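Just so you know, these numbers come straight off a predicted model, no measurement behind them. In what follows, chains carry the letters A, B, and so on, assigned in the order in which the sequence lines appear, proteins first and then strands, with residues in each chain numbered from 1.
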There are 2 protein chains.
Amino acid sequence: MAEPEIRELRYFRAVAEDLNITRASERLGIAQPPLSRAMRALESRLGVALFDRSDPRRISLTEAGETLLKESAQVLDSLDAAVRRTRRAGSQTAALVVTAKPGTATDLLNFVARELRDEPGAPAIQFEVSGFGEQVERVMDGRADLAIIGSPHLDNALAQEVLAVEGRMAALPVGHELASREVLSVADLRGQVFSHRAGQTVAGSNYWSGQRDGRPAGTPVGPVVQDSSQMLEVIALGQAIALLPVTFTQRNLRPDIVYRPVPDAEPYTTVIAWKPGHPSPWIPRYVEAAKRWSGLPR
Amino acid sequence: MAEPEIRELRYFRAVAEDLNITRASERLGIAQPPLSRAMRALESRLGVALFDRSDPRRISLTEAGETLLKESAQVLDSLDAAVRRTRRAGSQTAALVVTAKPGTATDLLNFVARELRDEPGAPAIQFEVSGFGEQVERVMDGRADLAIIGSPHLDNALAQEVLAVEGRMAALPVGHELASREVLSVADLRGQVFSHRAGQTVAGSNYWSGQRDGRPAGTPVGPVVQDSSQMLEVIALGQAIALLPVTFTQRNLRPDIVYRPVPDAEPYTTVIAWKPGHPSPWIPRYVEAAKRWSGLPR
DNA sequence: AGCCCGGCATACCCTGGAGGTATGGCGGAA
DNA sequence: TTCCGCCATACCTCCAGGGTATGCCGGGCT
């Protein structure tokens with residue numbers, strides 16, 4: 001009835017993930033019997049059945065097991081984050097790490113860095129570029145402290161403040177039939193725009209097949225891009241269309257791509273996000289400075 | 001260089017809290033030497049100095065130690081939450097627990113419960129009343145899943161959605177000199193209203209002395225109340241004034257108390273809050289239902 | 001039917017490390 | 001000086017986490 005140890009949670013996660021104690025034990029680098037015992041010990045500690053063993057040759061998760069799988073992910077994440085942040089705090093350069101998509105928010109960061117430069121004891125800002133959708137993960141596991149993210153981003157695991165809301169433009173290859181029109185609507189673009197799923201950005205949402213070719217649902221079929229320059233290449237080649245925030249289009253003018261406003265597209269929201277309960281007292285200061293910036297005329 | 005175990009984090013927290021290994025070991029129920037060793041082992045695992053031992057007869061926390069103290073609190077909280085939620089998920093009645101201040105939001109909860117009653121597999125709602133400011137804690141440690149909170153509530157450890165914003169009324173004892181006026185302003189009430197600090201609600205913020213009588217700063221001197229009925233008693237006795245949301249005043253008419261609008265008071269915001277990353281897929285459904293309610297005319 | 005195989009559980013052994021006791025070192029107060 | 005408070009070191013004990021060997025059970029193959 002006591003409390004579980006970290007090791008038990010890692011073991012449980014491995015078992016719950018492939019629902020096979022023998023394989024999980026190999027992945028974990030231990031023998032099968034200790035793992036069997038560890039799982040039974042965990043169940044008796046919690047006083048709850050985590051596995052359904054009614055079928056003697058395969059196990060499945062009970063409701064409680066499903067709950068623990070998700071909850072333990074949080075525990076392990078926060079432990080990783082604790083270790084990373086502690087190590088970072090110890091290694092002299094106690095900088096706050098800000099992670100953002102390439103090309104975004106350089107002026108924001110310059111502003112924030114300038115705003116707090118004079119504050120006594122203010123940590124330096126270390127800027128870091130990360131790929132699409134990677135920001136949330138990096139903040140969650142402690143590799144970064146603040147993230148500049150463009151919505152939509154699905155979960156609400158992070159605390160956040162809105163910095164900017166802007167309209168979208170469709171990025172089309174020159175010569176595209178829609179390029180002749182001055183204003184577009186989302187209906188015109190259906191099935192051709194990039195979509196974000198499972199941490200990947202894929203050209204043309206119609207390429208997402210439900211169950212095509214026997215692949216599991218959600219497997220991308222179209223080209224997958226990692227950053228915005230790749231995305232622009234794919235667009236220039238006519239393989240997809242993107243709905244991009246206006247400030248981005250102003251910074252990425254290319255001779256082979258034209259931009260057209262799409263007034264009815266969902267607006268693009270830029271938020272600054274951080275892990276709830278982050279230990280640094282400077283987080284709110286930086287967020288506040290970022291919001292001052294967002295109020296500025298541009 | 002490996003990862004710390006839960007036990008080590010609990011030990012560290014105890015040591016970091018009273019900065020005295022000997023006393024901490026007594027609190028933990030173990031001898032002093034093992035605790036000393038455990039702390040050194042933790043430091044070598046993390047590869048970081050957590051304690052400053054330059055003064056040989058007292059230890060203090062390094063920057064990294066301060067970081068780990070705050071971060072480990074999160075880890076331990078999320079572990080407690082994981083255990084609690086798992087146990088709850090296992091013990092048949094897999095209800096979602098909603099916690100709220102007494103007297104609030106009964107119609108909201110009725111609405112939400114009705115909205116999702118027909119959904120197949122929807123868990124029941126178990127309503128729970130908790131004292132001032134206790135809601136956040138209960139959600140964080142897994143005893144509750146959703147909280148109805150009135151702002152201001154300081155930290156942003158929880159994800160939340162705004163349900164209602166309403167004006168405030170000043171609650172005065174009948175015969176109070178201000179009761180003769182029809183409309184008041186916050187300036188009229190300065191130093192007499194209830195204030196929330198350190199999880200306590202205290203009558204008359206002027207009773208909060210900085211350092212009076214040698215007590216540490218922040219010690220309440222005025223009466224401390226646990227719930228709204230106690231608060232109304234204190235008001236009726238003329239010991240303090242409260243700034244209450246209008247819907248509350250409509251439900252709590254008393255012959256010995258009069259309410260007067262205070263248009264310039266900070267509005268009262270009711271939010272529904274939950275722990276980021278909560279495993280239940282029903283959380284967003286319930287939040288959505290609550291927002292439908294908040295759009296309703298009343 | 002008989003056999004083998006995949007998969008989990010049980011029995012038993014071994015060892016590392018967590019925790020205990022005893023004691024030393026160090027600085028400050030009396 | 002002496003004593004006290006406090007942390008560190010030395011050395012011992014013992015348990016629990018891990019390993020090996022083996023059993024049980026159901027299903028598929030011949």
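Looking at B/His278, B/Gln126, B/Arg138, B/Lys275 one by one, the single match for side chain to side chain donor-acceptor pair (under 3.5 Å) with B/Asp145 turns out to be B/His278. Each of A/Arg87, A/Arg10, A/Arg143, A/Arg85 was checked for a salt bridge (charged side-chain N to carboxylate O under 4.0 Å, His left out) with A/Asp80, and the lone residue meeting it is A/Arg10.
To the nearest angstrom, P of D/dA16 lies 17 Å from CD1 of A/Ile30. Computed from coordinates, the B/Ile59 CD1 to C/dC26 C1' distance equals 16 Å when rounded to whole Å. Atom-to-atom, CD of B/Glu5 to C1' of C/dG16 comes out at 14 Å; the value is rounded to the nearest Å. One atom, CD1 of B/Ile21, and another, P of D/dG5, lie 17 Å apart when rounded to the nearest Å. Straight-line distance from the CG atom of B/Leu35 to the P atom of C/dG17: 19 Å, rounded to whole Å. Remark: C1' of C/dC8 and CZ of A/Arg23 are 13 Å apart, rounded to the nearest angstrom. Distance, B/Leu19 CG to D/dG5 C1': 16 Å, rounded to whole Å. Whole-Å rounding puts the B/Glu26 CD to C/dG20 P distance at 12 Å.
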Exercise for review: With side chain to side chain donor-acceptor pair (under 3.5 Å) as the test, would you mind laying out the steps for B/Thr22 and B/Glu26 before giving the verdict?
Suggested key: CA-CA 7 Å; B/Thr22 306; B/Glu26 289 161 7; over 6 Å; no
Check your understanding: Do B/Thr62 and B/Glu66 pass the side chain to side chain donor-acceptor pair (under 3.5 Å) test, and can you show the C-alpha distance, the side-chain angles, and the key distance before you say yes or no?
Key -> CA-CA 6 Å; B/Thr62 63; B/Glu66 297 282 1; over 6 Å; no
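Looking only at distances, no side-chain donor or acceptor of A/Gln74 sits under 3.5 Å from a matching main-chain atom of A/Glu71. In this structure a side-chain-to-backbone donor-acceptor pair under 3.5 Å is present from B/Glu43 to B/Leu50. Judged by distance alone, with hydrogens and angles left aside, the side-chain atoms of B/Arg285 form no donor-acceptor pair with the main-chain N or O of B/Leu116 at under 3.5 Å.
Side-chain nitrogen and oxygen atoms of B/Arg40 include at least one within less than 4.0 Å of the OP1 or OP2 phosphate oxygen of D/dT9. OP1 or OP2 of D/dC6 has not a single side-chain nitrogen or oxygen of B/Thr22 nearer than 4.0 Å. For B/Arg53 and D/dA8, the shortest distance from a side-chain N or O to OP1 or OP2 is below 4.0 Å. Between A/Asn20 and C/dC8 there is a side-chain polar atom (N or O) within less than 4.0 angstrom of OP1 or OP2.
Residue contacts shown for B/Arg37 include a base, since a base heavy atom lies under 4.0 Å away.
For B/Gln32 and B/Ala38, each mapped to the nucleotide of DNA chain C holding its nearest heavy atom, the one lying further toward the 5' end belongs to B/Ala38. Take the nearest nucleotide of DNA chain C for B/Pro33 and for B/Ala41: the residue whose nucleotide is more 5' is B/Ala41.
Within residues 8-18 of chain B, the residues having any heavy atom closer than 4.0 Å to DNA chain C are, in order of number, B/Tyr11.
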